[in-house]
Protein chains: 2
Amino acid sequence: MPLPRANTISRTFAALSDPTRLTILARLAKQGDMTVQDIARPFAMSLPAVSQHLKVLEQAGLISRGRNGQQRPCRLRPERLAAAQAWLDNTRHAWEARLDRLENFLAAKKDTRQ
Amino acid sequence: MPLPRANTISRTFAALSDPTRLTILARLAKQGDMTVQDIARPFAMSLPAVSQHLKVLEQAGLISRGRNGQQRPCRLRPERLAAAQAWLDNTRHAWEARLDRLENFLAAKKDTRQ
DNA sequence: CCCATATTTAAGTGATGACTTAAATATAGG
DNA sequence: CCTATATTTAAGTCATCACTTAAATATGGG
């Protein structure tokens, strides 16, 4: 599995860059599938605004939507969250590995000097 | 340590929502501290554009900057990356835990029916 | 078919973002 | 002090974003 390119992963982060959308995702994770009305209820914004947020999340692959009568239940899709996590993990790991190599190098230098 | 609010963490994600900035962070992680010129070299954009990206990263707490003569070396700060990871981890974990509870519930239901 | 409910689309607005070029600032070193 | 190098600030432009209200669409049930 190749590492996703910066361009792909930045799309995911863009979808995560709004507090309303983060709250929506967190609620879907904790409470399971929800209708648009349920999702919108706690927010101080119009229904279309929430619907637009859901569209962003869907296009980013962070949620999927079904059909249940007139309702379009939303479900969290964890795959892209995992991909974002993987990028962060890689980056942080590269940073730690560099520090370790640097430490080893300095320790070795000190050894030869003595 | 309280969970960061959606508002705080969304700022971090916003800083991560640009491919140029992701690339910068990845290079800082792998190659260590770099000057603005070094950072800018591979990009097809002006130096001020890169400088502005660095400002965004610094204000998001994702990098810090020193002073070395005329140069302002940039260094990755992994803390906010870790915080972002933690949010993703929590959300994904909540999702998994819900699925598990649901599975248990269904299994129990099946048991009592038999 | 008609009506209520759920959701989306359209169209417009104000704010923010990612650039640009030109000009300003900071520092090192003769 | 003067000049070269490194970096930032200023100011403007064009695109995108997060909303709004009004209108459209979809579905279920008399």
Exercise. Are any side-chain N or O atoms of R77(A) and backbone N or O atoms of S64(A), one a donor and one an acceptor, separated by less than 3.5 Å?
Worked result: no

For this session: May I ask you to decide if L81(A)'s main-chain N or O and R92(B)'s side chain share a donor-acceptor pair within less than 3.5 Å?
Result: no

Problem set entry | Phosphate-side-chain proximity, R21(B) and dA18(C), N/O vs OP1/OP2 below 4.0 Å | yes

Exercise. Between L47(B) (CG) and dA18(C) (P), how many Å, whole number?
Worked result: 17 Å

Problem set entry | Side chain of T35(A) (C-beta onward), nearest among dT7(C), dC19(D), dA6(D) | dT7(C)

Exercise. According to a strict under-4.0 Å criterion, is S51(B) in side-chain N/O contact with OP1 or OP2 of dT7(D)?
Worked result: no

Exercise. Rounded to the Å, how far apart are R41(B) CZ and dT7(D) P?
Worked result: 10 Å

For this session: Scan L54(A) against the nucleic acid and name what it touches under 4.0 Å (heavy atoms): base, sugar-phosphate only, or nothing.
Result: nothing

Exercise. Is there side-chain contact between L25(B) and I63(B), with at least one heavy-atom pair below 4.5 Å?
Worked result: yes

Exercise. Taking OP1 and OP2 of dT8(D), is either one under 4.0 Å from a side-chain nitrogen or oxygen of R65(B)?
Worked result: yes

Problem set entry | Length of the CG-C1' vector between D33(B) and dT7(D), whole Å | 17 Å

Exercise. H53(A) side chain N/O closer than 4.0 Å to the phosphate oxygens (OP1, OP2) of dC17(D)?
Worked result: no

Exercise. Once you round it to whole Å, what is the distance between C1' of dA18(D) and CD1 of I24(A)?
Worked result: 12 Å

Seminar exercise, completed: All heavy atoms of L88(A) vs all of A84(B), minimum pair found to be CD1-CB, 3.8 Å

Problem set entry | Atom-to-atom span, CG of N68(B) to C1' of dT5(D) - whole angstrom | 13 Å

Exercise. Counting side-chain heavy atoms from C-beta on, which of dT21(D), dT5(C), dA26(C) comes nearest to R67(B)?
Worked result: dA26(C)

Exercise. Taking the side chain of M45(A) as heavy atoms from C-beta outward, which of dA18(D), dT20(C), dC19(D) is closest to it?
Worked result: dC19(D)

Problem set entry | Distance-only donor-acceptor test (3.5 Å): side chain Q52(B), base dT20(C) | yes

Problem set entry | Atom-pair distance (CD on Q71(A); P on dA4(C)), nearest Å | 18 Å

For this session: Could you check which of dA6(D), dC19(C), dT8(D) has an atom nearest any side-chain atom of T20(B)?
Result: dC19(C)

For this session: Check step by step if side chain to side chain contact (heavy atoms under 4.5 Å, CB included) holds for L62(B) and L16(B).
Result: CA-CA 9 Å; L62(B) 287 164; L16(B) 296 173; 4.0 Å; yes

Problem set entry | K55(B) vs dT9(D): side-chain N/O to OP1/OP2 distance below 4.0 Å | yes

Seminar exercise, completed: Of the candidates dT9(D), dT7(C), dT7(D), the side chain of V36(B) sits closest to dT7(D)

Exercise. Could you state the CZ-C1' distance from R72(B) to dA28(C), rounded to the nearest angstrom?
Worked result: 16 Å

Seminar exercise, completed: In whole angstroms, the gap separating P of dA6(C) from CE of M34(A) amounts to 14 Å

Exercise. Would you find a donor on one side and an acceptor on the other, under 3.5 Å apart, between the side chain of R75(B) and the backbone of G66(B)?
Worked result: no

Exercise. Nearest to the side chain of Q70(B) - dA6(D), dC19(C), dA18(D)?
Worked result: dA6(D)

Seminar exercise, completed: The residue, S46(A) or D38(B), whose nearest nucleotide of DNA chain D is more 5′ is D38(B)

